[in-house]
Amino acid sequence: DMSSQHRHSPQPPGTSRISPVPSFSFEDRSEDKRRSRGSLTNDYYNNGSSFIARPPKDRASLEKLDKRRELTESAEKLVIALVGLPGRGKSFIGRKLQIYLQWRGARSKVFNVGKYRREVVANVERKDSGSSASGLCSANFFDSQNADAKRIREEVAKLAMKDMEKWLENSQEQNHGWGSVAILDATNSTRARRQLILDFCHDRADKFGVVFVESVCDDQNLLDENFKKKIEVSPDYKDMSFDDAIVDLRMRVQKYEEQYETVDDDEVSYIKVFNLSSKVLANNIYGRLSKTIIPALMSWHIGTRPIWICRAGETVGSKTRGDSLGTSGFEFRQKLGEYVENQAVKFMKDFRQFESTDSLVSLAESVCGEYPGDLKVTRNSVATFGRKSVMLVRHDGTRKRAGAFKVPIKVMTSTMKRAIQTVSLQNLVDLDIEETSNLNPLDKGDYSGMDLKDIKEKDPKWYKLLEKDPFSTRFHGGESYMDLIKRLESSVIDMEQQVVPVLVCSHISVIQCLLAYFRNIPVKECTSIEVPLHTLIELVPTAGGEWYESHEPS
């Protein structure tokens with residue numbers, strides 16, 4: 001027949017054969033159909049649909065994609081506008097954001113509207129020494145029915161925004177492609193105020209990106225603690241007694257609550273942080289800088305705990321990746337283990353509310369619940385907390401040796417043998433040790449294993465570039481310090497989110513980058529930070545969001 005002749009006709013030269021359309025018959029193929037349906041079903045559950053996705057044509061989907069496309073554009077100039085009632089930790093969040101973004105390489109600055117209001121107060125008092133402008137700091141100043149105060153508040157906010165605009169415009173030559181982020185620290189508690197910010201940032205040729213970060217707190221215990229800290233540090237209450245200050249602060253909060261409107265406009269970009277990171281909600285967050293801050297916001301908290309950082313112990317021979325610890329390296333490990341153990345027990349007592357030996361006994365009894373009920377833990381046995389074993393005493397006086405209590409420490413180390421050996425503390429057992437290549441030293445690529453003197457002799461031209469810009473210059477086939485910062489982002493977030501002591505063992509280049517973050521110094525200066533051998537660096541958080549540093553030499 002014609003179709004048969006067409007299918008089997010010679011193939012023209014230079015062309016490829018097209019698969020023929022299969023012929024159909026009306027034979028009963030119910031078994032094949034069942035097999036086919038079963039195969040499709042399995043493919044669906046294993047792989048999802050195999051059909052090629054088609055562009056959406058309905059208006060709602062197109063509008064959503066257009067919005068996402070608009071927000072995905074990375075704004076080189078971004079405004080993070082904080083939102084929240086007083087005492088919700090906005091200034092803490094703002095300060096942490098500034099430190100983190102600057103460490104990542106962005107240029108960042110906080111514009112605190114309360115500071116501008118206080119400057120207005122100081123100016124009024126300077127002009128007329130006989131008058132007082134303290135009313136601009138009292139709760140009545142924040143009453144929505146106070147028309148004069150409302151006008152002043154709006155003017156003060158505009159002053160801060162004008163300075164913010166100048167700073168962003170002048171940052172073009174200094175951001176090195178990393179972007180500039182202005183943080184507007186104010187309550188920004190009404191839709192009208194937030195619309196004012198949006199209009200201010202968008203009604204310009206080079207519009208600024210805007211992300212609202214709202215701090216929501218309904219935990220009364222957390223609020224009470226925040227109020228105490230605010231009264232201790234806020235200039236508004238420096239000349240007031242605590243009782244008077246707490247009354248005024250609660251009244252101020254009440255004035256704001258009467259007009260407060262939460263962020264609920266899903267057309268804008270916003271992040272909500274509940275009870276200082278117990279829950280985070282994000283809407284329309286697609287830009288490069290915007291996405292960066294979400295993991296950080298989820299990690300920060302106001303709890304206290306030490307972070308210990310040290311270099312890997314001294315090794316035998318040349319420093320290759322497979323080196324083992326030498327005699328002095330093992331001695332440092334022994335001292336490190338003893339110090340960490342003592343401090344971990346102290347942390348349990350001081351910061352985890354185990355205030356006495358009896359409390360530790362109760363803890364030990366709960367930990368050893370796997371043993372029969374006639375076992376008890378003696379007061380003396382807790383002295384071996386965290387060691388290989390403890391002695392449990394039966395009520396009849398007989399003794400039984402039980403397993404150790406797990407010391408609450410997060411240990412992070414590079415994958416280098418010398419670093420792993422340094423934190424394999426012999427006097428502690430069952431440590432949660434995380435080995436991660438993120439903490440490995442700077443990758444020198446083609447110059448791996450060479451010191452700077454050898455590199456200078458081999459490639460003097462490249463070495464001059466390194467001397468001129470040690471932070472941004474990348475080793476051939478390897479990394480730059482700038483690359484290392486990006487590699488360390490997740491590790492810093494992991495350290496920040498811990499609620500127990502953290503021990504980090506790494507190498508000079510990595511520790512330099514980490515200390516630039518914890519010291520809040522310009523990240524490009526990290527290459528000049530000295531990191532002594534066999535020294536434990538202890539970092540403890542302050543109430544303001546920074547870190548206090550001390551050293552424990554071996």
Side-chain angles (χ1 to χ4, degrees), residues 63-86 88 90-91 93-94 97-98 101 106-117 142 144 150-172 175 179-216 256 259-273 280-294 297:
E63 288 178 350
K64 287 183 179 296
L65 288 175
D66 284 341
K67 187 67 175 178
R68 178 162 186 156
R69 191 176 298 110
E70 175 188 343
L71 294 169
T72 303
E73 295 179 3
S74 295
E76 291 302 319
K77 298 176 181 179
L78 178 68
V79 173
I80 298 177
L82 302 179
V83 179
L85 293 167
R88 264 60 180 181
K90 296 185 301 300
S91 294
I93 291 173
L97 280 171
Q98 180 186 18
L101 290 169
R107 192 164 173 265
S108 183
K109 183 176 180 179
V110 174
F111 294 84
N112 184 288
V113 175
K115 183 179 179 181
Y116 284 81
R117 170 175 53 80
F142 304 94
S144 60
K150 183 178 180 180
R151 177 181 56 79
I152 295 173
R153 291 200 308 271
E154 289 179 352
E155 290 300 321
V156 166
K158 289 177 181 178
L159 280 175
M161 290 164 65
K162 280 290 184 182
D163 282 354
M164 178 182 75
E165 179 184 36
K166 291 177 183 177
W167 181 82
L168 285 169
E169 287 176 341
N170 294 335
S171 66
Q172 185 63 41
N175 62 26
S180 298
V181 184
I183 302 165
L184 187 61
D185 182 6
T187 56
N188 298 319
S189 56
T190 64
R191 294 187 184 92
R193 172 62 64 82
R194 295 193 289 271
Q195 189 59 51
L196 176 68
I197 296 170
L198 287 170
D199 293 341
F200 183 85
C201 294
H202 289 170
D203 293 347
R204 45 187 298 114
D206 58 335
K207 70 177 185 178
F208 306 149
V210 179
V211 174
F212 294 103
V213 175
E214 181 178 10
S215 181
V216 181
Y256 271 111
Q259 54 183 324
Y260 190 82
E261 296 170 311
T262 188
V263 181
D264 56 6
D265 182 0
D266 287 347
E267 292 299 309
V268 304
S269 298
Y270 66 80
I271 302 169
K272 291 192 179 189
V273 183
V280 174
L281 183 151
N283 179 74
N284 281 339
I285 302 297
Y286 301 116
R288 174 171 54 90
L289 283 171
S290 301
K291 287 186 296 185
T292 297
I293 67 177
I294 293 179
L297 285 169

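Predicted model, so just to flag it, every value in this text is computed and none were measured. Scope of the values below: all heavy atoms of this structure, side chains included, with no hydrogens, waters or symmetry mates.
Legend: residues meeting side chain to side chain donor-acceptor pair (under 3.5 Å) with Glu261, ordered by chain and number and at least two apart, are Arg191. Listed by chain and number, the residues in a ring pair (Phe, Tyr, Trp, His ring centres under 6.0 Å) with Tyr256 are Phe142 (sequence neighbours excluded).
Contact detail for Tyr270 and Leu281: the closest heavy-atom pair is CE1-CD2, 3.6 Å. Asp206 approaches Arg204 most closely through the heavy-atom pair OD1-NH2, 3.2 Å. When every heavy atom of Tyr260 is checked against every heavy atom of Ser189, the shortest pair comes out as CD1-CB, 3.3 Å. Between Ala160 and Leu184, the shortest heavy-atom contact is CB-CD1, 4.3 Å. Of all heavy-atom pairs spanning Ala182 and Phe111, the tightest one is CB-CE1, 3.9 Å. Nearest heavy-atom pair, Gly94 versus Val110, reported as atom, atom and distance to 0.1 Å: O-CG2, 3.6 Å.
To the nearest 0.5 Å, the span separating CD1 on Ile183 from OG on Ser108 amounts to 3.5 Å. Interatomic distance, Ile197 CD1 to Asn188 CG, rounded to the nearest 0.5 Å: 3.5 Å. Distance check, rounded to the nearest 0.5 Å: NZ of Lys158 to NZ of Lys162 gives 9.5 Å. Interatomic distance, Ile152 CD1 to Leu159 CG, rounded to the nearest 0.5 Å: 11.5 Å. The distance from the CZ atom of Phe208 to the CG atom of Leu168 is 4.5 Å, given to the nearest 0.5 Å. Between Met164 atom CE and Lys77 atom NZ the span is 12.0 Å, to the nearest 0.5 Å.
Looking at heavy atoms from C-beta onward, Val156 lies in side-chain contact with Val113 at the 4.5 angstrom threshold. Contact of the Phe200 side chain with the Val79 side chain is not registered, since no non-hydrogen atoms from C-beta on lie closer than 4.5 Å. Between Leu82 and Ser215, the closest side-chain pair of non-hydrogen atoms is not below 4.5 Å. With contacts defined as side-chain heavy-atom distances shorter than 4.5 Å, the pair Met161/Glu165 does not qualify. With contacts defined as side-chain heavy-atom distances shorter than 4.5 Å, the pair Lys90/Thr187 qualifies. Taking the side chain as every heavy atom from C-beta outward, Leu101 and Ile80 approach each other to under 4.5 Å. For the pair Asn283 and Phe212, the minimum side-chain heavy-atom distance is 4.5 Å or more.
For the residue pair Glu214/Thr262, the side-chain donor-acceptor check at 3.5 Å is satisfied.
Residue pairs meeting the salt bridge (charged side-chain N to carboxylate O under 4.0 Å, His left out) criterion with at least one partner in residues 192-201, sequence neighbours excluded, are absent.
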Pair Ile293, Leu97 - check side-chain contact (heavy atoms from CB on, under 4.5 Å), show working. CA-CA 7 Å; Ile293 67 177; Leu97 280 171; 3.9 Å; yes
Does the pair Leu297 and Ile93 meet the rule for a side-chain contact (heavy atoms from CB on, under 4.5 Å), with working shown? CA-CA 8 Å; Leu297 285 169; Ile93 291 173; 3.7 Å; yes
